Amino acid sequence: MKEEIENKIEKKEHKENKEENEKITNEEKQEVKITNEEIEAINKQMKDAQEEALRAKADLINYRKRKDEEVEKLLKFANEGIVLEILPTLDNFERALKVESTDQKLLDGMKMVYTSLINALNKYGVKEIESLGKKFDANLHHAVITECDEKADEDAILEVLQKGYTLKDKVIRPAMVKVNKK
């Protein structure tokens with residue numbers, strides 16, 4: 001008998017819980033009912049957010065590429081300043097080597113230092129611009145004197161007054177030249 005009473009109580013509680021759960025479910029269903037306009041608005045917001053995220057991602061990729069290019073360029077031409085400071089010394093060595101001297105040991109020592117300096121610059125991508133006898137190019141040369149020579153071609157370089165140099169294919173100092181003008 002006690003068991004029967006307990007069973008009845010359990011059934012009653014179970015029935016009450018079930019009714020309560022159904023009530024909650026009906027209330028939730030009413031709350032969940034949303035209009036098509038609201039769904040479209042939510043979908044539009046989602047698409048806008050996705051597009052914005054894609055744009056931000058593309059901007060970040062482009063920023064990284066630009067920064068990588070800038071860093072590469074900085075590393076490639078990092079030595080430009082020091083090379084520009086050394087070039088006048090190189091010019092002075094060339095002038096000194098042209099002076100006639102009776103001291104052969106001094107001349108040999110100067111040539112060794114000059115050769116070492118040229119080799120060090122070449123090692124880091126510094127190259128002399130070959131100019132003598134070539135056609136004038138405003139990107140490589142700076143014409144400081146013109147002269148009329150009937151034997152030479154028009155715009156031919158007759159004399160190099162100061163050598164020009166490139167650093168890894170970038171002109172860091174144009175050659176000062178005398179150009180033929182007819």
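Just so it is clear, the model here is predicted, and its values are computed rather than measured.
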Testing I118, N119, L117 for side-chain contact (heavy atoms from CB on, under 4.5 Å) with T115, which one passes?
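By the side-chain contact (heavy atoms from CB on, under 4.5 Å) criterion, T115 pairs with just one of I118, N119, L117: N119.
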Taking all atoms of both residues into account, what is the closest heavy-atom pair of [X] and [Y], and its distance?
{"X": "N79", "Y": "L167", "value": "C-CD2, 4.3 Å"}
{"X": "L132", "Y": "V160", "value": "N-CG2, 3.8 Å"}
{"X": "R95", "Y": "N92", "value": "NH1-OD1, 2.6 Å"}
{"X": "P88", "Y": "R173", "value": "N-NH1, 4.4 Å"}
{"X": "I172", "Y": "L84", "value": "O-CD2, 3.4 Å"}
{"X": "E80", "Y": "K170", "value": "OE1-NZ, 2.9 Å"}

[atom1] of [X] to [atom2] of [Y]: how many Å apart, nearest 0.5 Å?
{"X": "K163", "Y": "E130", "atom1": "NZ", "atom2": "CD", "result": "8.0 Å"}
{"X": "L121", "Y": "L90", "atom1": "CG", "atom2": "CG", "result": "6.5 Å"}
{"X": "D68", "Y": "E70", "atom1": "CG", "atom2": "CD", "result": "9.5 Å"}
{"X": "D155", "Y": "L158", "atom1": "CG", "atom2": "CG", "result": "10.0 Å"}
{"X": "E128", "Y": "N122", "atom1": "CD", "atom2": "CG", "result": "9.5 Å"}
{"X": "L140", "Y": "K135", "atom1": "CG", "atom2": "NZ", "result": "13.0 Å"}

Neighbour count above 12 (heavy atom, 6.0 Å) for [X] [atom1]:
{"X": "K127", "atom1": "NZ", "result": "no"}
{"X": "L60", "atom1": "CG", "result": "yes"}
{"X": "D169", "atom1": "CG", "result": "no"}
{"X": "E154", "atom1": "CD", "result": "yes"}

Before giving the answer on salt bridge (Lys or Arg N to Asp or Glu O under 4.0 Å), spell out for K73 and E69 the whole-Å C-alpha distance, their side-chain angles and the decisive distance to 0.1 Å.
CA-CA 6 Å; K73 187 177 178 181; E69 288 170 4; over 6 Å; no
Does [X] belong to the same Ile/Leu/Val/Met/Phe/Trp/Tyr cluster as [Y], with side-chain heavy atoms less than 4.5 Å apart forming each link?
{"X": "V144", "Y": "V177", "answer": "no"}
{"X": "V113", "Y": "L87", "answer": "yes"}
{"X": "I86", "Y": "Y165", "answer": "yes"}
{"X": "L106", "Y": "L97", "answer": "yes"}

Regarding K76 and E72, does a basic nitrogen lie under 4.0 Å from an acidic carboxylate oxygen?
no
Salt bridge D48-K44, side-chain N to carboxylate O under 4.0 Å
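Between K44 and D48 there is a salt bridge, with a charged N closer than 4.0 Å to a carboxylate O.
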Pairing residues for D108 by the side chain to side chain contact (heavy atoms under 4.5 Å, CB included) criterion, not counting sequence neighbours:
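D108 satisfies side chain to side chain contact (heavy atoms under 4.5 Å, CB included) with Q104 once adjacent residues are dropped.
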Tell me, please, which residues at least two apart from M46 pass side chain to side chain contact (heavy atoms under 4.5 Å, CB included).
N43, Q50
Sequence neighbours excluded - ring-ring contact (aromatic ring centres under 6.0 Å, His included) pairs with any residue from residues 66-120
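Checked against ring-ring contact (aromatic ring centres under 6.0 Å, His included) - neighbours excluded - no pair reaches residues 66-120.
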Whether the side chain of N180 engages the backbone of D153 through a donor-acceptor N/O pair (distance < 3.5 Å, no angle test) should be reported.
yes
Does a side-chain heavy-atom distance below 4.5 Å link V171 with I129?
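A side-chain contact exists here, since the closest heavy-atom pair is under 4.5 Å.
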Criterion side chain to side chain contact (heavy atoms under 4.5 Å, CB included) on E159 and E147, from CA distance to verdict:
CA-CA 10 Å; E159 184 181 348; E147 189 175 281; over 6 Å; no
